[in-house]
Amino acid sequence: MKRIMLIVAYEGTNYRGWQVQANGITIESVLNEQLSRLLKEEITVIGASRTDSGVHSLGNAAVFDTNTRIPADKLSYALNQRLPEDIAVQASFEVPGDFHPRKCNSKKTYEYRILNRRFPMPTLRRDTYFYYYPLDVEKMNRAASYLVGTHDFKSFCSIHSQAADSVRHVYSCTVERQGDVVVIRITGAGFLYNMVRIIAGTLIQVGGKEMEPEAVAEILKKKDRSFAGPTAPAHGLTMMGIEFEDF
């Protein structure tokens, strides 16, 4: 028996998120089905991040155990031949048998993309949120700086979260304009349910001058979801990748 890690990219538009759901197709369910068919044994992957319905990824990670004789680095090629075009394995390799992607130190990076112009662009509709009103990126950056460090992010967490602890560490949070697209990039040790999307919604309010940058510091202190901005739409969010300390 050996443990294999997959680095998986996907466009989340047509899926009910990562985790297996009773009411729709998910990234995890597709991987389980196709790996089981390929390897002719029952496979259940363990994902590093349970991205929400409609969220995309350039490099989520998952592990699974198998008895296959196929070399670990060749599994990606074999699996990609079976996967739909909106899911693609970027790499596959063997890891220690006790490695668990959610029980080790790691850094996860997300980007939230906002098309900030007068008219929408059809080619960006799947991975970029269209926002008509001008955004002040300088103010958004000032607001983002208050999120860096170790804080209780209860104000930036969905009320439906089941996390026992809402304290998280954010390594960096920046906002940059790239032509007509405003990109919020955040790296942290881990994130609460809807945390990045709520941060994005709040920073959009700051950029639209509905609140001042300093309000973000006060929102953190309140520890109350009602004080933060709205949850930004899922399709603007992409997991960029994960860095594991052991690799």
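In summary, Glu11 and Arg126 engage in a salt bridge, as defined by a charged side-chain N under 4.0 Å from a carboxylate O. The pair Glu212-Lys139 counts as a salt bridge, with a side-chain nitrogen and a carboxylate oxygen less than 4.0 angstrom apart. For Arg185 and Glu111, the salt-bridge test passes: some basic side-chain N is under 4.0 Å from an acidic carboxylate O.
For Phe191 and Tyr110, the ring centers sit closer than 6.0 Å to each other. The aromatic ring centroids of Phe244 and Phe99 lie less than 6.0 Å from each other.
Leu83 and Ile70 fall within the same hydrophobic cluster, defined by Ile, Leu, Val, Met, Phe, Trp and Tyr side-chain heavy atoms under 4.5 Å apart, directly or through other members. Cluster membership for Val20 and Ile87, using ILVMFWY side-chain heavy atoms within less than 4.5 angstrom, is not shared. In terms of hydrophobic clustering, with Ile, Leu, Val, Met, Phe, Trp and Tyr side chains grouped at heavy-atom distances under 4.5 Å, Tyr10 and Leu35 are assigned to a common cluster. One hydrophobic cluster holds both Tyr146 and Ile219 under the rule that ILVMFWY side chains link at heavy-atom gaps under 4.5 Å. Under the 4.5 Å side-chain heavy-atom criterion for grouping Ile, Leu, Val, Met, Phe, Trp and Tyr, Tyr193 is not connected to Ile198 through any hydrophobic cluster.
The CZ atom of Arg3 lies 9.5 Å from the CE atom of Met1; values are rounded to the nearest 0.5 Å. The distance from atom CZ of Arg113 to atom CG of Asp127, rounded to the nearest 0.5 Å, is 5.0 Å. Distance check: Phe156 CZ to Ile199 CD1 gives 6.0 Å after rounding to the nearest 0.5 Å. Interatomic distance, CD of Glu42 versus OG of Ser36, reported as 4.5 Å (0.5 Å rounding). Here the CG-CZ distance, from Leu192 to Arg225, works out to 12.0 Å after rounding to the nearest 0.5 Å. Atom CD1 of Ile184 and atom OH of Tyr112 lie 8.0 Å apart (nearest 0.5 Å).
Ile204 places a side-chain heavy atom less than 4.5 Å from the side chain of Ile114. Looking at Lys222 and Ser155, their side chains come closer than 4.5 Å, going by heavy atoms from C-beta outward.
In this model, a donor atom of one side chain and an acceptor atom of the other lie less than 3.5 Å apart for Glu41 and Thr66. Of the N and O atoms on the side chains of Asn194 and Thr231, not one donor lies less than 3.5 Å from an acceptor on the other residue.
Within a 6.0 Å radius of CD in Glu138, other residues, nucleotides and ligands contribute 12 heavy atoms or fewer.
Tyr129 and Tyr131 have tilted rings, their planes meeting at an angle from 30° to 60° on a 0 to 90° scale.
Under the 3.5 Å distance criterion, the side-chain polar atoms of Thr128 are left unmatched by any main-chain donor or acceptor of Leu115. The backbone N or O of Asp152 lies less than 3.5 Å from no partner atom in the side chain of Ser166, so there is not a single donor-acceptor pair. Using modelled atom types, one side-chain atom of His56 and one backbone atom of Gly12 make a donor-acceptor pair closer than 3.5 Å.
A cation-pi contact links Lys107 to Tyr171, judged by a cut-off of 6.0 Å to the six-membered ring centre and 45° from its axis.
When each of Leu31, Thr26, Val55 is paired with Trp18, the side chain to side chain contact (heavy atoms under 4.5 Å, CB included) condition holds for Leu31 and for no other.
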